[in-house]
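As structure tokens, the structure follows; a few thoughts come after it.
Keep in mind that what you see is a predicted model, and the values were worked out from it rather than measured. Positions are given from 1 along the sequence.
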Amino acid sequence: MSALPQPNPRQRPMTLGDLDAVAAIESRAYSHPWSHGNFVDSLVAGYFADVLDDPAHGPIGYFVAMAGVDELHLLNITVAPDWQRRGFGSLLLDTVRLLAVRAGHASLWLEVRESNLRALALYGRRGFVHVGTRRDYYPAAPQRENAVVMRLALAPAGPAHG
């Protein structure tokens with residue numbers, strides 16, 4: 001039995017008050033993070049955005065997704081480096097998928113750095129397929145990096161029962 005307490009995070013909508021913690025996670029997780037302003041713009045635009053909040057530590061993960069015509073586009077999904085490999089990325093991704101299904105979207109789309117093998121494996125396990133490549137999409141040092149474009153086909157939610 002482990003002496004360490006088990007995390008018990010809860011998922012909730014992201015607010016402007018979360019953005020300092022979210023931006024700090026983003027900076028630790030990525031060499032070219034989103035800016036604080038990118039998150040503000042996403043919230044102001046009404047994008048789907050949730051945080052995974054641990055009562056003892058505050059936000060430990062989050063996602064931002066944008067609805068389009070008949071599709072949802074996952075723009076950002078991140079788990080703080082110290083909290084990775086515990087299933088929280090899967091939990092967040094499952095929430096995004098459920099949002100898309102409930103909204104009646106036919107597809108869930110995302111881009112991921114081609115070097116992010118752990119994320120590519122997670123998306124593959126969840127049924128995403130590689131449908132294209134965006135050349136030089138991401139900033140990187142010393143040159144830009146390609147993005148793998150992935151799509152998950154979604155079954156319609158079906159008619160509501162009353």
Side-chain angles (χ1 to χ4, degrees), residues 7 9-54 57-132 134 137-140 144-154 157:
R10 68 179 180 92
Q11 203 165 319
R12 61 174 175 75
M14 186 184 294
T15 68
L16 290 173
D18 294 315
L19 296 191
D20 286 343
V22 165
I25 292 168
E26 184 81 1
S27 292
R28 287 194 316 272
Y30 301 115
S31 62
H32 294 81
W34 273 26
S35 70
H36 189 277
N38 291 134
F39 288 104
V40 170
D41 291 346
S42 296
L43 292 180
V44 170
Y47 295 170
F48 293 106
D50 277 9
V51 294
L52 194 57
D53 197 32
D54 182 75
H57 299 93
I60 61 170
Y62 49 88
F63 72 79
V64 177
M66 174 183 69
V69 177
D70 203 31
E71 66 186 33
L72 190 67
H73 190 124
L74 179 59
L75 301 175
N76 191 326
I77 184 167
T78 305
V79 174
D82 294 346
W83 294 86
Q84 292 177 1
R85 296 179 115 23
R86 300 186 194 189
F88 298 130
S90 294
L91 177 69
L92 289 167
L93 188 57
D94 290 345
T95 299
V96 174
R97 183 188 164 283
L98 185 59
L99 283 170
V101 168
R102 286 184 176 164
H105 295 302
S107 310
L108 178 55
W109 292 84
L110 60 84
E111 290 93 14
V112 58
R113 286 179 183 270
E114 65 184 2
S115 65
N116 192 342
L117 301 180
R118 284 178 34 201
L120 286 164
L122 170 62
Y123 301 141
R125 285 191 306 272
R126 288 294 193 263
F128 283 83
V129 295
H130 180 164
V131 296
R134 294 185 196 269
Y137 185 75
Y138 288 109
R144 297 185 69 81
E145 183 175 358
N146 295 339
V148 175
V149 180
M150 302 186 84
R151 177 181 178 267
L152 177 66
L154 301 170

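Of the inter-residue distances, the one linking L72 atom CG with L98 atom CG reads 11.0 Å to the nearest 0.5 angstrom. Atom-to-atom distance recorded for E71:CD and L152:CG is 12.5 Å, nearest 0.5 angstrom. Of the inter-residue distances, the one linking W34 atom CH2 with L75 atom CG reads 5.0 Å to the nearest 0.5 angstrom.
The shortest distance between side-chain heavy atoms of H130 and L120 does not fall below 4.5 Å. In this structure the side chain of L19 reaches within 4.5 angstrom of the side chain of L43, judged on heavy atoms. Inter-residue side-chain proximity for L93 and L74 is flagged as met; some heavy-atom pair is nearer than 4.5 Å. With contacts defined as side-chain heavy-atom distances shorter than 4.5 Å, the pair M150/L108 does not qualify. Side-chain contact between Y47 and N76: absent, with no pair of heavy atoms (C-beta onward) separated by less than 4.5 Å. Between D18 and R12 the shortest side-chain heavy-atom distance falls below 4.5 Å. Inter-residue side-chain proximity for V112 and F128 is flagged as unmet; no heavy-atom pair is nearer than 4.5 Å.
Side-chain atoms of Y62 and E26 include a donor-acceptor pair closer than 3.5 Å.
The shortest heavy-atom contact between A65 and V96 is CB-CG1, 4.5 Å. For the pair L154 and R97, the tightest heavy-atom approach, listed with the atom from each and the gap, is CD2-CG, 3.9 Å. For the residue pair W83 and F88, the shortest heavy atom distance occurs at O-CD1, 3.4 Å. Taking each heavy atom of R28 and A80 in turn, the nearest pair found is NH2-CB, 3.8 Å. The heavy-atom pair separating S90 from L122 by the smallest distance is OG-CD1, 3.2 Å.
Side-chain N or O atoms of R144 include one that pairs as donor or acceptor with a backbone N or O of Y137 at under 3.5 Å. A donor-acceptor contact shorter than 3.5 Å is absent between the side chain of H57 and the backbone of P59. At distances below 3.5 Å, not a single donor-acceptor pair connects side-chain atoms of D41 with backbone N or O atoms of N38.
With N146 as the fixed residue, the side-chain contact (heavy atoms from CB on, under 4.5 Å) test singles out one of E114, R134, R113, E111: E114. Of the candidates L52, L92, L91, L92 is the only one forming a side-chain contact (heavy atoms from CB on, under 4.5 Å) with V79.
With sequence neighbours excluded, the residues that form a salt bridge (Lys or Arg N to Asp or Glu O under 4.0 Å) with D94 are R126. With sequence neighbours left out, the side chain to side chain donor-acceptor pair (under 3.5 Å) criterion links S42 to no other residue.
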